[in-house]
Amino acid sequence: MLKFIFLSLLSITSLLASKNFAPSEDCKSCHPLIYKEFSESMHANSTPQKDPIHGSVWAKHPQNLEFKKYGCGKCHTPTAEKDSMPKADSPKHQEGISCAYCHRIKSIELHAKSNTNITTSTEKNYFGTLEDHITSPYHGIVSEGNEHFKNGNVCIGCHSHKMNKHKLNVCSTNIDNEMDGANCVSCHMPKVKGSVSNFKDRKEHSFHGFAGSHSNQDMLTKYVDISLLRQINDFIVNIDNRTSHALLLHPLRTAVLKVSVTRAGKTTKLKDEIFVRVIGHNGKPAMPWTASTTLKNTMIQANEKRSIKYDYKLQSGDKVDIVLGWFLVNPKALKTLNLEDNEVATKFIEFKKESFTF
Ligand code: HEC
Ligand code: HEC
Ligand code: HEC
Ligand code: HEC
Ligand code: HEC
């Protein structure tokens with residue numbers, strides 16, 4: 001009897017929570033360019049099965065080990081069944097963050113632990129920002145009344161912040177709403193060549209590959225400047241982060257500044273400068289769910305200009321090569337996460353390169 005009540009309660013809640021979102025595959029025939037960019041993005045690949053870095057952290061998570069539920073789904077698989085373990089073979093789960101989901105975000109509730117997206121209940125009616133759209137034979141278009149699409153911050157339902165139960169902000173882009181006015185879309189979805197759909201020939205569309213730390217970094221290099229100041233006995237490298245958030249956000253990342261000097265054909269590598277935010281507990285690095293404090297934070301912050309001094313005397317004819325880049329996973333965490341042989345997790349990603357000759 002008790003089991004019966006329990007089961008029927010479960011099915012009622014899942015019925016209420018279930019909302020049907022058209023699969024992204026449905027958009028492919030009319031929006032081929034946008035679809036292609038999207039399908040290669042981390043939004044389309046945000047599940048534990050498709051993203052090995054996410055998968056390896058989830059593999060260690062107590063909710064997984066205790067076989068409870070996939071709480072990460074709130075942001076990583078928002079159209080999937082809630083309150084259950086990830087169902088690898090469920091199409092709704094493997095959709096990741098789908099086209100229809102994002103385009104149905106109506107409003108965003110602000111909460112201390114993490115924000116919540118409120119989506120429309122009307123299927124196939126999508127918010128957009130085109131000023132003079134034609135009609136679509138497949139779906140309705142709502143171009144008015146959505147402030148989040150208008151100000152380019154429809155992203156902050158998932159990207160604002162994530163606080164754990166020890167009240168530590170594991171990852172935050174926007175904790176105090178200090179980003180109000182800064183526009184995620186203007187930097188991460190720049191206009192690129194090619195039509196919005198194959199119904200009307202337009203010159204450009206908004207990039208749906210979501211330039212970021214995994215791919216398309218070249219679209220973002222212009223927001224970070226590197227310059228060099230030569231002094232009598234040393235030199236200074238300045239990194240000017242003109243981004244409205246820290247250079248990297250996820251605590252798994254490690255940014256590295258590599259500097260070398262070439263003199264008369266011989267190259268000398270100077271000491272690497274490391275930028276990290278390490279979270280932990282009792283003085284030791286810890287997983288995001290056990291961490292209670294930030295142990296160290298040398299990450300370059302929003303709108304910060306960081307100067308790094310090199311005790312090296314430059315001579316005329318010297319060439320200085322500077323590379324700013326990162327590892328998606330801190331090399332010190334690879335072993336714990338069983339990612340030592342994973343190509344994406346171990347690769348050094350070159351973000352920006354500059355050379356100076358004297
Ligand atoms: C509040 C929304 C939210 C929740 C809940 C959430 N995440 Fe995320 N997660 C994000 C966002 C946004 C990013 C992208 C951040 C970035 O790249 O800086 C991300 C990125 C990650 C990454 C980096 C992936 C990569 O490829 O480098 C890992 C690992 C991760 N999340 C693990 C988890 C795990 C495990 C859970 C559940 C226990 C979880 N997340 C729950 C929003 C969330
Ligand atoms: C049968 C063709 C067709 C299909 C399928 C289709 N669309 Fe469209 N869509 C269009 C046309 C046509 C436009 C208008 C383009 C224009 O004005 O240049 C459009 C415009 C849009 C806009 C822009 C609205 C604006 O004003 O900014 C969004 C968002 C959109 N579609 C989302 C989707 C999503 C999500 C899917 C898949 C779930 C999808 N579409 C599938 C034809 C289609
Ligand atoms: C439903 C939640 C959700 C929404 C809404 C959302 N994102 Fe994400 N986003 C994520 C998650 C989760 C990840 C990490 C996926 C992973 O790495 O496994 C991510 C990753 C990213 C990344 C990192 C890509 C990379 O190369 O690592 C960028 C950039 C990004 N999102 C930008 C945006 C922008 C811009 C918007 C708003 C237009 C947006 N996101 C809306 C959940 C969301
Ligand atoms: C002025 C341009 C600019 C604005 C505005 C901006 N970003 Fe970024 N973002 C960058 C740059 C530059 C990077 C670092 C380079 C990279 O990841 O390729 C970055 C990186 C990221 C990453 C990857 C971080 C990681 O650790 O993996 C995410 C996620 C992201 N931004 C989300 C957002 C969101 C959400 C907003 C709006 C609240 C936003 N950004 C606003 C320029 C911008
Ligand atoms: C993470 C959220 C997110 C996802 C996922 C997403 N979009 Fe968008 N889309 C946006 C935002 C935000 C804009 C408005 C961009 C702007 O104002 O420049 C947009 C704009 C559009 C437009 C209007 C034309 C343009 O280029 O501005 C179309 C059409 C569209 N999206 C279709 C799609 C389709 C089809 C998919 C999946 C293949 C998809 N979107 C996935 C957030 C998303």
Side-chain angles (χ1 to χ4, degrees), residues 21-31 34-35 41-48 50-64 70-79 96-105 108 113-117 124 126-139 141-143 148-149 152-164 170-171 173 183-185 187-189 195-202 205-206 208-217 220 245 248-253 287-289 328-329 337 344-345:
F21 291 89
S24 300
E25 185 78 28
D26 282 10
C27 325
K28 190 179 177 180
S29 55
C30 303
H31 300 290
I34 291 181
Y35 179 84
S41 78
M42 289 316 293
H43 286 146
N45 295 289
S46 58
T47 70
K50 292 183 182 171
D51 175 358
I53 301 179
H54 174 55
S56 69
V57 177
W58 166 244
K60 299 260 167 191
H61 199 281
Q63 277 180 354
N64 187 3
Y70 179 55
C72 327
K74 182 181 179 191
C75 305
H76 284 259
T77 60
T79 65
I97 298 143
S98 67
C99 312
Y101 180 82
C102 224
H103 281 283
R104 279 172 56 186
I105 298 175
I108 299 169
K113 284 187 88 175
S114 71
N115 293 344
T116 303
N117 292 315
K124 298 192 183 167
Y126 304 128
F127 291 111
T129 55
L130 287 174
E131 270 173 17
D132 56 337
H133 63 80
I134 58 168
T135 55
S136 157
Y138 171 80
H139 56 76
I141 294 174
V142 197
S143 29
H148 304 293
F149 269 85
N153 284 335
V154 68
C155 331
I156 60 155
C158 302
H159 279 273
S160 171
H161 59 279
K162 186 171 176 278
M163 192 186 275
N164 70 10
V170 172
C171 189
T173 315
N183 182 331
C184 316
V185 167
C187 292
H188 289 281
M189 298 180 77
S195 191
V196 167
S197 74
N198 44 23
F199 277 63
K200 182 177 178 187
D201 197 24
R202 290 186 189 264
H205 65 278
S206 306
H208 274 70
F210 301 91
S213 55
H214 283 71
S215 59
N216 301 293
Q217 296 85 22
L220 295 166
H245 59 69
L248 294 171
L249 302 160
H250 202 280
L252 270 179
R253 318 285 188 233
M287 286 296 201
W289 48 92
L328 288 169
V329 176
L337 294 172
V344 182

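Just so you know, these numbers come straight off a predicted model, no measurement behind them. We count ligands from 1, going down the list as the structure has it; atoms in each ligand are counted the same way. Computation of the quantities below employed the complete heavy-atom set of this structure, encompassing side-chain atoms and omitting hydrogens, waters and symmetry-equivalent molecules.
I108 CD1 to H159 NE2: the interatomic distance, rounded to the nearest 0.5 Å, is 11.0 Å. Rounding to the nearest 0.5 Å places NZ of K162 at 7.5 Å from CG of N164. The distance from the OH atom of Y101 to the CG atom of N117 is 3.5 Å, given to the nearest 0.5 Å. To the nearest 0.5 Å, atom CD1 of residue I53 and atom CZ of residue R253 are 6.0 Å apart. The structure places OH of Y126 at 13.0 Å from CD1 of I105, a figure rounded to the nearest 0.5 Å.
Less than 4.0 angstrom separates some heavy atom of V154 from each of these atoms of ligand 3: 37 (C), 38 (C). Distances below 4.0 Å separate heavy atoms of S215 from the following atoms of ligand 3: 26 (O). Against a heavy-atom cut-off of under 4.0 Å, P78 is close to the following atoms of ligand 3: 1 (C). Taking every heavy atom of C27 and a limit of under 4.0 angstrom, the matching atoms of ligand 2 come to 34 (C), 35 (C), 36 (C), 37 (C), 38 (C), 39 (C), 41 (C). Under a 4.0 Å criterion applied to the non-hydrogen atoms of S114, ligand 1 contributes the atoms 1 (C). Within the listing of ligand 3, atoms 5 (C) sit less than 4.0 angstrom from a heavy atom of I105. Close contacts between ligand 1 and L249 involve ligand atoms 18 (O) [criterion: under 4.0 Å to a heavy atom]. Contact atoms of ligand 3 toward H188: 29 (C), 35 (C) (distance under 4.0 Å to a heavy atom of the residue). Here is the list of ligand 3 atoms found below 4.0 Å of a heavy atom in Y101: 1 (C). Interface of V57 with ligand 1, defined as ligand atoms under 4.0 Å from a residue heavy atom, comprises 29 (C), 35 (C).
At under 3.5 Å, a nitrogen or oxygen of T129, whether backbone or side chain, sits near a nitrogen or oxygen of ligand 2. An N or O contact shorter than 3.5 Å links H214 to ligand 1 by distance. Inclusion of F199 in the set of residues having an N or O under 3.5 Å from an N or O of ligand 2 is not warranted. Residue-to-ligand polar distances place H76 within reach of ligand 1: an N/O pair is separated by less than 3.5 Å. For ligand 1, the polar-atom distance check finds an N/O of D51 within less than 3.5 Å of one of the ligand's N/O atoms. The distance criterion of under 3.5 Å between nitrogen or oxygen atoms is met by R253 with respect to ligand 1.
Panel detail: atom 8 (Fe) of ligand 3 has protein N, O or S atoms under 2.8 Å away, 2 in number.
The closest approach between any non-hydrogen atom of A211 and ligand 3 is below 4.0 Å. Taking a 4.0 Å cut-off on heavy atoms, L328 fails to register as neighbouring ligand 1. Distances shorter than 4.0 angstrom occur between a heavy atom of F127 and an atom of ligand 2.
Taking the ring centroids of F149 and H103, they lie under the 6.0 Å cut-off. Taking the six-membered ring wherever Trp is involved, the centroid distance between the rings of H188 and F210 does not fall below 6.0 Å.
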>> What verdict does the side chain to side chain contact (heavy atoms under 4.5 Å, CB included) test give for V57 and L337, after you've listed the backbone C-alpha separation in whole Å, the side-chain angles of each residue and the deciding distance to 0.1 Å?
In response: CA-CA 7 Å; V57 177; L337 294 172; 4.0 Å; yes
>> Under the criterion side chain to side chain contact (heavy atoms under 4.5 Å, CB included), I'd like the reasoning laid out for C30 against F199: C-alpha separation, chi angles, the key distance, then a yes or no.
In response: CA-CA 7 Å; C30 303; F199 277 63; 3.5 Å; yes
>> Show, in sequence, the C-alpha distance, side-chain angles and deciding distance for S213 and L248, and conclude whether the side chain to side chain contact (heavy atoms under 4.5 Å, CB included) test is met.
In response: CA-CA 8 Å; S213 55; L248 294 171; 4.1 Å; yes
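Of the protein's non-hydrogen atoms, the one nearest atom 41 (C) of ligand 2 is Y138 CD2, 3.4 Å. In terms of protein heavy-atom proximity, atom 35 (C) of ligand 1 is closest to C72 SG, 3.7 Å. Atom 25 (C) of ligand 2 has G128 CA, 3.4 Å as its closest protein atom, hydrogens excluded (heavy atom only). Of the protein's non-hydrogen atoms, S136 CB, 3.7 Å is the one closest to atom 11 (C) of ligand 2. Closest protein heavy atom to atom 5 (C) of ligand 2: D26 O, 3.3 Å. When hydrogens are left out, the protein atom nearest atom 32 (C) of ligand 2 is Y126 CD1, 3.6 Å; that is the closest non-hydrogen contact. Closest to atom 6 (C) of ligand 1 among all protein heavy atoms lies K162 CE, 3.3 Å. Of all protein heavy atoms, the one closest to atom 1 (C) of ligand 2 is C30 SG, 2.7 Å.
Selection from S213, C75, G55 by nearest heavy atom to atom 43 (C) of ligand 1 gives C75. For atom 18 (O) of ligand 2, the candidate residues are H205, R202, R104; the nearest heavy-atom contact is made by R202. If you check each of E25, H139, K200, K28 against atom 30 (C) of ligand 2, the one with the closest non-hydrogen atom is H139.
Of all the heavy atoms of I134, the ones lying under 4.0 Å from any atom of ligand 2 are found in both the backbone and the side chain. Under 4.0 angstrom from ligand 1, the non-hydrogen atoms of H250 come from both its backbone and its side chain. Counting heavy atoms closer than 4.0 Å to ligand 1, residue Q63 contributes nothing at all. The side chain of H103, and not its backbone, has at least one atom closer than 4.0 Å to an atom of ligand 2 (non-hydrogen atoms only; side chain from C-beta on). By the criterion of a heavy-atom distance under 4.0 Å, the side chain of P137, and not its backbone, is placed next to ligand 2.
Counting non-hydrogen atoms of neighbouring residues, nucleotides and ligands closer than 6.0 angstrom, the NZ atom of K50 exceeds 12 such neighbours. Heavy-atom contacts from other residues, nucleotides or ligands closer than 6.0 Å to NZ of K28 number 12 or fewer.
Distance check on atom 37 (C) of ligand 3: some protein heavy atom falls below the 4.0 Å cut-off. By the definition of a contact as any protein heavy atom under 4.0 Å away, atom 23 (C) of ligand 1 is in contact.
Side-chain N/O atoms of K200 and S195 include no donor and acceptor closer than 3.5 Å. For the 3.5 Å distance criterion, the side chains of N64 and Y70 fail to qualify, holding no donor opposite an acceptor.
Atom 8 (Fe) of ligand 2 has an N, O or S atom of H31 closer than 2.8 Å.
Counting only heavy atoms from C-beta outward, the side chains of W58 and H76 never approach each other to under 4.5 Å. Proximity of C72 to H54: side-chain heavy atoms (C-beta onward) are separated by under 4.5 Å at one or more points. With a 4.5 Å cut-off on side-chain heavy atoms, F127 and H148 do not count as touching. Proximity of S160 to N115: side-chain heavy atoms (C-beta onward) are separated by under 4.5 Å at one or more points.
In this structure a side-chain-to-backbone donor-acceptor pair under 3.5 Å is missing from H139 to P137.
Cation-pi geometry between R104 and F21 is satisfied (NZ or CZ under 6.0 Å from the ring centre, within 45° of the ring normal).
The two residues I34 and H205 come nearest to each other via the heavy atoms CG1-CD2, 3.7 Å.
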